[in-house]
**Q** 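Got a structure for you, questions after.
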Amino acid sequence: MHGLQGIGMTSQRTRVRMVERLREKGIRNEQVLAAMAAVPRHVFVEEALASRAYEDTALPLGMGQTISQPYIVARMIELLLNARPGLGKTLEVGAGCGYQAAVLGQLSKEVYAVERIAPLLEKAKANMRTLQQFNVRLKHADGHWGLPEAAPFDSIIVAAAGASIPPELLKQLAPGGRMVLPVGGQAQYLCLVEHTPTGFTETRLDPVRFVPLLPGTQ
């Protein structure tokens, strides 16, 4: 268990400091802050970067991918959760190494996460086994198509930016559901989509920087 608990720069105390910084930056939802505190981010990064795991920065995962900045993870999940009792059945597009899926798994009984890059998916699966987090199901798939066989979803979170909102993801959002995703090319912004009785509403939020949402699998 030593690796999970962490020591020095990966210790629980360092994690608590990360959560305090998130609070200072405006994350208010205590459930989200508790979920961020519960997941050992150092388990998800390369060993050489473990001492930087709790800095508020994106870190490279290899294969052109990154593990998202803690603030962005917390911000997107807070947008999904606010004023709702829970996330409900959740879909994550772009699982990467599994870090955000693990945080989502603290807040939902049922998380489905898709990843297009097979070696990253294997890494995510290994990380879930290390954490013994069994409520996250991982699948090798093109995120543009979501996961129709498990739809509809109460919450959808996308960890890569497309030029527009993928129509298949809208189809898979349950009535009353919410989706948070980055949209754009050079200039990107966070978008909150809500499935209301009269249709979909879109709210444009913070400027962000994400890797592009690419088609296909590899």
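As the structure is a prediction and not an experimental result, all values here were calculated from the model. Numbering starts at 1 and runs along the sequence shown. Values below: every heavy atom of this structure, side chains too, minus hydrogens, waters and symmetry copies.
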**Q** Excluding sequence neighbours, so at least two apart, what forms salt bridge (Lys or Arg N to Asp or Glu O under 4.0 Å) with Glu202?
**A**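 Once residues adjacent in sequence are excluded, Glu202 has no partner under the salt bridge (Lys or Arg N to Asp or Glu O under 4.0 Å) criterion.
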**Q** Listing request: all side chain to side chain donor-acceptor pair (under 3.5 Å) pairs with a residue in residues 209-218, at least two apart in sequence or in separate chains.
**A**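 Sorted result for residues 209-218: Arg116-Gln218.
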**Q** Can you tell me how far CD of Glu78 sits from CG of Leu107, rounded to the nearest 0.5 angstrom?
**A**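 Answer rounded to 0.5 Å: 11.0 Å.
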**Q** When you check the gap from the basic side-chain N to the acidic O, do Glu55 and Arg52 get nearer than 4.0 Å?
**A**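 Yes, Glu55 and Arg52 are salt-bridged.
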**Q** What distance do Lys125 atom NZ and Leu120 atom CG have between them, rounded to the nearest 0.5 Å?
**A**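 Reported to 0.5 Å precision, the distance equals 12.5 Å.
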**Q** Can you tell me if Arg21 uses its side chain to pair, donor with acceptor, with the backbone of Tyr54 under 3.5 Å?
**A**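 Yes; judged by distance alone, with no hydrogens or angles, the pair exists.
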**Q** Working to the nearest 0.5 angstrom, can you tell me the gap between Leu49 CG and Phe44 CZ?
**A**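 The distance works out to 15.0 Å.
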**Q** Does any N or O in the side chain of Glu194 come within less than 3.5 Å of the main-chain N or O of Thr196, such that one atom is a donor and the other an acceptor?
**A**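 Pair absent, no side-chain N/O of Glu194 close to backbone of Thr196.
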**Q** Can a salt bridge be assigned to the pair Lys25 and Asp56 using a cut-off of 4.0 Å between side-chain N and carboxylate O?
**A**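 A salt bridge links Lys25 with Asp56.
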**Q** Using side-chain heavy atoms (C-beta onward) and a distance below 4.5 Å, is Leu91 in contact with Gln172?
**A**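 Touching, per the 4.5 Å side-chain cut-off.
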**Q** Does Leu87 reach the side chain of Arg178, with side-chain heavy atoms less than 4.5 Å apart?
**A**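 No; the side chains remain at least 4.5 Å from each other.
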**Q** Can you list the residues that meet the salt bridge (Lys or Arg N to Asp or Glu O under 4.0 Å) rule with Lys139, with sequence neighbours excluded?
**A**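 Partners of Lys139 under the salt bridge (Lys or Arg N to Asp or Glu O under 4.0 Å) test: Glu149.
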**Q** Does some side-chain heavy atom of Asn127 sit less than 4.5 Å from a side-chain heavy atom of Gln133?
**A**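 Side chain of Gln133 against side chain of Asn127, heavy atoms only: no contact under 4.5 Å found.
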**Q** Any heavy-atom pair between the side chains of Met128 and Arg137 that's under 4.5 Å?
**A**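 With C-beta onward as the side chain, the pair stays apart.
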**Q** Taking side chain as C-beta onward, heavy atoms only, is Met18 less than 4.5 Å from Pro70?
**A**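 Yes, side chains in contact.
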**Q** Look at Arg23 together with Glu20 and state whether they make a salt bridge at an N to O cut-off of under 4.0 Å.
**A**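 Between Glu20 and Arg23 there is no salt bridge, as every charged N stays at least 4.0 Å from the carboxylate O atoms.
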**Q** I'd like to check the ring pair (Phe, Tyr, Trp, His ring centres under 6.0 Å) partners of His144; sequence neighbours left out, ordered by chain and number.
**A**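 Testing His144 for ring pair (Phe, Tyr, Trp, His ring centres under 6.0 Å), a comparison that skips the adjacent residues, returns none.
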**Q** Supply the atom-to-atom distance Leu79 CG to Asp206 CG, rounded to the nearest 0.5 angstrom.
**A**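 The distance works out to 7.0 Å.
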**Q** Drop me the distance from Leu22's CG to Ile27's CD1, to the nearest 0.5 angstrom.
**A**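 Leu22 atom CG to Ile27 atom CD1 measures 6.0 Å (nearest 0.5 Å).
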**Q** Looking at Ala126, is its backbone amide N or carbonyl O close enough to the side chain of Thr130 to form a donor-acceptor pair, meaning the two atoms are under 3.5 Å apart?
**A**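 At least one qualifying donor-acceptor pair exists.
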**Q** Do the side chains of Glu24 and Arg17 get close enough for a salt bridge, i.e. N-O under 4.0 angstrom?
**A**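 Arg17 and Glu24: not salt-bridged.
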**Q** I'd like to check the side-chain contact (heavy atoms from CB on, under 4.5 Å) partners of Ala150; sequence neighbours left out, ordered by chain and number.
**A**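 With neighbours one apart ignored, the set is Tyr112, Leu147, Phe153.
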**Q** State whether the side chain of His195 and the backbone N or O of Gly177 hold a donor-acceptor pair below 3.5 Å, judged by distance alone.
**A**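 Absent.
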**Q** If you look only at pairs with a residue in residues 88-99, which of them pass as a side chain to side chain donor-acceptor pair (under 3.5 Å), with sequence neighbours excluded?
**A**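 Listed by first then second residue: Glu92-Gln100.
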